[in-house]
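Both backbone and side-chain heavy atoms feed into the values below; hydrogens, waters and symmetry mates do not. Not measured: the values here are computed from a predicted model.
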Amino acid sequence: FARNQLTTALDEVKQALEARPDLPEALNLRGLIYAELQEAALAESSFKRAMALAPQDGDILHNYGWFLCQRRRFSEGNTLFTQALALPQYRDQARSLLARGVCYGREGKFAEAETALMRAYELDPGNPITGYNLATLLYQRGEWTRAQFYIRRLNNTDLSNAETLWLAQDRGGAVLGFVGVWLPEAFIHHLYVRADAQRRGVGRALLAALREHLPRPWQLKCLDANTRALAFYRALGWQEAGRGGDDDGPWRLLHWRDD
């Protein structure tokens with residue numbers, strides 16, 4: 001499963017459950033595999049059965065909670081995170097706090113998201129995913145100086161070689177926008193420009209700054225509903241390479257080669 005060999009992993013889990021149908025660890029893993037395979041009903045059935053057998057297992061509570069969050073069932077997911085975090089024996093609190101913060105952010109509860117992410121950061125300050133999500137949230141809330149602090153801390157580590165952030169600043173050092181990139185695949189995850197800095201060439205400048213550091217072709221996903229962003233990328237010569245969809249809606253995969 002960890003190597004993304006889902007069919008093999010599912011076969012192995014099925015064999016384990018044939019021998020022991022009441023094994024909660026196997027049911028939990030089966031839920032994760034079905035979730036990756038986009039078999040939501042089968043995944044939820046597995047998680048529910050695992051939780052019924054082991055209601056005090058923090059890992060099961062976390063995984064089921066994250067599954068619900070990804071399907072925008074935020075209240076149900078948060079209830080499970082709360083149960084996991086309340087367990088005295090649960091040792092992965094930073095992971096569940098991170099997931100809770102991301103879910104609150106998706107729900108639009110930004111104050112609660114910041115509280116959860118800050119606590120996750122306190123418990124595990126070396127986790128780049130926590131730092132990245134915290135910086136992104138703070139930027140979206142308009143707290144650019146604080147966002148800059150976490151972005152710089154992230155970029156000053158070796159982990160920035162994989163997921164890195166590039167800032168655009170004005171002459172006074174104020175953050176105008178940033179672009180987040182996954183370097184191994186030249187994949188642009190986020191391109192944000194502050195509302196009062198839009199239509200001033202900031203987005204173009206951020207992409208231009210990547211040319212010396214990011215081999216082409218580049219790729220990104222853009223939601224169909226984000227018509228302004230689609231028009232922006234098309235104007236720069238990005239070409240559609242595929243389509244898909246998830247809980248946030250249909251999206252287009254765009255490529256840019258600079259040929």
Side-chain angles (χ1 to χ4, degrees), residues 1-107 109 112-134 136-137 159 162-163 182 246-248:
F1 175 69
R3 295 192 298 270
N4 208 32
Q5 297 175 346
L6 299 179
T7 302
T8 301
L10 184 58
D11 289 340
E12 292 175 352
V13 169
K14 287 180 178 178
Q15 292 175 19
L17 287 171
E18 286 177 2
R20 287 190 56 186
D22 60 346
L23 192 62
E25 295 86 353
L27 289 162
N28 181 38
L29 180 55
R30 190 176 71 177
L32 292 171
I33 295 170
Y34 277 136
E36 286 293 320
L37 293 172
Q38 303 301 314
E39 296 283 356
L42 294 174
E44 183 156 17
S45 175
S46 296
F47 286 132
K48 283 184 174 180
R49 178 61 178 155
M51 194 168 65
L53 291 168
Q56 299 297 306
D57 189 308
D59 192 50
I60 294 172
L61 292 167
H62 170 92
N63 290 334
Y64 190 17
W66 180 242
F67 168 84
L68 293 171
C69 169
Q70 290 178 303
R71 280 143 191 85
R72 307 190 71 79
R73 292 162 62 182
F74 300 118
S75 178
E76 296 171 78
N78 188 48
T79 297
L80 296 180
F81 290 140
T82 299
Q83 292 178 22
L85 291 165
L87 296 172
Q89 73 274 19
Y90 186 50
R91 298 183 178 275
D92 213 353
Q93 292 204 0
R95 178 179 63 145
S96 291
L97 285 163
L98 167 60
R100 168 182 267 182
V102 171
C103 291
Y104 272 139
R106 292 181 180 180
E107 193 178 1
K109 295 182 176 180
E112 293 88 341
E114 181 181 342
T115 298
L117 290 172
M118 284 296 299
R119 181 57 181 152
Y121 192 86
E122 291 171 1
L123 292 173
D124 187 10
N127 187 328
I129 299 174
T130 303
Y132 182 87
N133 279 281
L134 182 55
T136 301
L137 174 70
L159 294 167
E163 178 83 50
W182 176 251
D246 52 34
D247 293 332
D248 292 324

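Taking each heavy atom of Leu85 and Ser96 in turn, the nearest pair found is CD2-CB, 3.9 Å. The two residues Gly31 and Ala43 make their nearest non-hydrogen contact at O-CB, 3.4 Å. In terms of heavy-atom proximity, Leu117 sits nearest to Val102 at CD2-N, 4.4 Å. Scanning all heavy atoms of the two residues, the minimum distance from Gly105 to Ala113 falls at N-CB, 3.6 Å. Shown here for Arg106 and Arg72, the closest heavy-atom pair between the two residues is O-NH2, 3.5 Å. Closest approach of His62 to Ala84, counting heavy atoms only: N-CB, 4.5 Å.
In terms of the side-chain hydrogen bond (donor to acceptor under 3.5 Å, both in side chains) criterion, residue partners of Glu76 (sequence neighbours excluded) are, by chain and number, Arg73. Evaluation of the side-chain hydrogen bond (donor to acceptor under 3.5 Å, both in side chains) rule for Asn78 yields Arg100, Tyr104 as partners, not counting sequence neighbours. Judged as a side-chain hydrogen bond (donor to acceptor under 3.5 Å, both in side chains), and not counting sequence neighbours, the contacts of Glu122 are Arg119. Phe74 meets the ring-ring contact (aromatic ring centres under 6.0 Å, His included) test with no other residue; sequence neighbours excluded. Judged as a salt bridge (Lys or Arg N to Asp or Glu O under 4.0 Å), and not counting sequence neighbours, Asp11 has no contacts. Listed by chain and residue number, Glu107 satisfy the salt bridge (Lys or Arg N to Asp or Glu O under 4.0 Å) test with Lys109 (two or more places apart in sequence, or in another chain). Among residues two or more places apart in sequence or in another chain, the salt bridge (Lys or Arg N to Asp or Glu O under 4.0 Å) test is passed with Asp57 by none. Evaluation of the side-chain hydrogen bond (donor to acceptor under 3.5 Å, both in side chains) rule for Gln93 yields no partner, not counting sequence neighbours.
Arg30 CZ to Glu39 CD: the interatomic distance, rounded to the nearest 0.5 Å, is 12.0 Å. To the nearest 0.5 Å, atoms CG (Asp59) and CG (Asp92) are separated by 7.5 Å. Distance check: Trp66 CH2 to Leu98 CG gives 7.5 Å after rounding to the nearest 0.5 Å. Ile60 CD1 to Asn63 CG: the interatomic distance, rounded to the nearest 0.5 Å, is 8.0 Å. Rounding to the nearest 0.5 angstrom, the gap separating the OG1 atom in Thr8 from the CD1 atom in Ile33 is 9.5 Å. For the atom pair Leu10 CG and Leu32 CG, the distance stands at 12.0 Å (nearest 0.5 Å).
Not a single donor-acceptor pair under 3.5 Å links the side chain of Asp124 to the backbone N or O of Ala120. The backbone N or O of Ala41 lies less than 3.5 Å from no partner atom in the side chain of Ser45, so there is not a single donor-acceptor pair.
Within the structure, ring-ring contact (aromatic ring centres under 6.0 Å, His included) contacts touching residues 26-58 (residues at least two apart or in different chains) are Phe47-Tyr64, Phe47-Phe67. Pairs engaging residues 69-104 under the disulfide (SG to SG under 2.5 Å) rule: Cys69-Cys103 [sequence neighbours left out].
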Solution key, residues 15-27 side-chain donor-acceptor pairs under 3.5 Å, sequence neighbours excluded:
none

